[in-house]
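In what follows, a single structure is set out as structure tokens and then discussed.
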Amino acid sequence: MKVGFVNIFGKPNAGKSTLLNALMGEKLAIVSHKVQTTRHRVKGILTEKNYQVVLSDTPGIIDPRYKLHEKMMQSVRTALEDADLGLLLVDVKDNWQENDALFSSLRLKVAALVVINKTDAVNAARLEEAKHFFEQKPYCRELVLISALKKKGIDELLQKIISYLPEGEPFYTGDDLTDLPVKFFASEIIREKIFNLYEEEIPYHTTVLVQEFAEKTTLVKIRADIIVQRETQKGIILGEGGKMIKKLGTEARKDIEAFLGQKVFLELFVKVREKWRESDVFLKEYGY
Ligand code: GDP
Ligand code: MG
């Protein structure tokens with residue numbers, strides 16, 4: 001059996017989540033808390049008779065201005081080096097030089113495929129140019145063209161991935177995939193809603209901590225803190241007369257209910273923690 005860890009890396013918006021979903025197919029890209037390793041954020045496990053591909057991603061925020069990001073860059077490099085294969089995902093419409101600079105700065109030793117995404121969004125000539133641009137780069141073992149959205153090139157990518165993995169025994173069995181880390185997913189869902197509802201920079205200044213997760217007889221009670229850096233950000237999260245946080249709470253609750261198949265009582269609090277992104281203590285506490 002071919003088994004291994006595959007880490008998907010790319011700038012925000014490159015299409016990592018879409019690619020994960022495309023690779024996972026109908027399977028939920030959700031796995032048990034038990035399978036979270038210190039170095040990988042396991043997002044999905046694809047198991048067939050002859051292979052097991054453990055897909056993970058790395059945080060996509062890349063801005064060395066903040067300490068958080070330095071840590072993230074370190075963790076990106078470590079996570080990638082610790083995988084059997086890296087997928088360097090590029091949005092073909094994005095700035096190629098910038099992506100190249102980023103990939104080069106990782107100085108990867110692990111084998112990596114450059115995966116050019118959103119091929120549906122440009123013409124053939126542009127695609128050919130992109131191919132020539134990335135193909136010769138030292139970090140590019142092979143280049144694959146895909147459209148994660150239109151599910152084009154996904155099977156070819158999967159076959160190529162498998163060809164790079166070592167032989168071995170599977171890391172995970174069925175049980176690992178059904179025992180859901182619900183608390184973790186609750187915070188992920190809230191975060192996702194924050195990303196959807198607020199302007200660009202707000203989500204990046206925000207983190208979510210689930211403080212209470214209690215299964216009562218008729219419902220699940222969840223209390224979560226939304227941590228921001230400044231009072232002004234708190235104001236934005238709350239919105240006029242609390243309108244925005246109400247919306248956030250409703251949308252998050254619906255998704256968590258759908259996810260759990262149970263009624264949920266969701267309480268959200270916004271807390272200001274100045275400079276949480278620059279404090280080692282906070283970073284540790286918040287899992288970075
Ligand atoms: P992530 O930030 O890297 O996880 O990126 P997402 O998966 O969230 O995708 C960012 C945006 O790009 C979303 O609006 C996707 O629908 C879009 N997207 C992803 N893959 C493709 C693709 O193959 N073609 C096109 N046209 N859009 C895509
Ligand atoms: Mg994503």
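These numbers come from a predicted model, not from an experiment. Residue indices begin at 1 and follow the sequence shown. For the numbers below, each heavy atom of this structure counts, side chains included, while hydrogens, waters and symmetry mates do not. Atoms within a ligand are numbered from 1 in the order they appear, just like the ligands themselves.
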Q: Measure the CD1-CD1 distance between I236 and I202 for me, rounded to the nearest 0.5 Å.
A: 4.0 Å
Q: Give yes or no for whether the N/O distance cutoff of 3.5 Å, strictly under, is met between I146 and ligand 1.
A: no
Q. Does any donor atom in the side chain of N99 or D94 lie under 3.5 Å from an acceptor atom in the other side chain?
A. yes
Q.
Out of A148, G10, A22, who is nearest to atom 23 (O) of ligand 1 when you count heavy atoms only?
A. A148
Q: Check whether any side-chain N or O of T18 sits under 3.5 Å from a backbone N or O of A148 as a donor-acceptor pair, and report yes or no.
A: no
**Q.** Closest non-hydrogen atom pair, S147 against D120
**A.** OG-OD1, 2.8 Å
Q.
For the 3.5 Å polar cut-off, considering only N or O atoms, please tell me whether L149 and ligand 1 meet it.
A. yes
Q. Is K150 in polar range of ligand 1, meaning some N or O pair under 3.5 Å apart?
A. no
Q.
Quick check: G15 and ligand 1, any N/O pair under 3.5 Å apart?
A. yes
Q: Could you tell me whether K11 approaches ligand 1 through its side chain, its backbone, both or neither, with non-hydrogen atoms closer than 4.0 Å?
A: backbone
**Q.** Per atom 15 (C) of ligand 1, closest listed option by heavy atom (N13, T18, N117, V122)
**A.** T18
Q: Using distance alone, decide if ligand 1 has a nitrogen or oxygen within less than 3.5 Å of any nitrogen or oxygen in K16.
A: yes
Q: Quick one: sort the F133 and W96 rings into parallel, tilted or perpendicular, breaks at 30° and 60°.
A: tilted
Q.
Quick test of your reading of the model: are K137 and D100 salt-bridged, counting only N-O distances below 4.0 Å?
A. yes
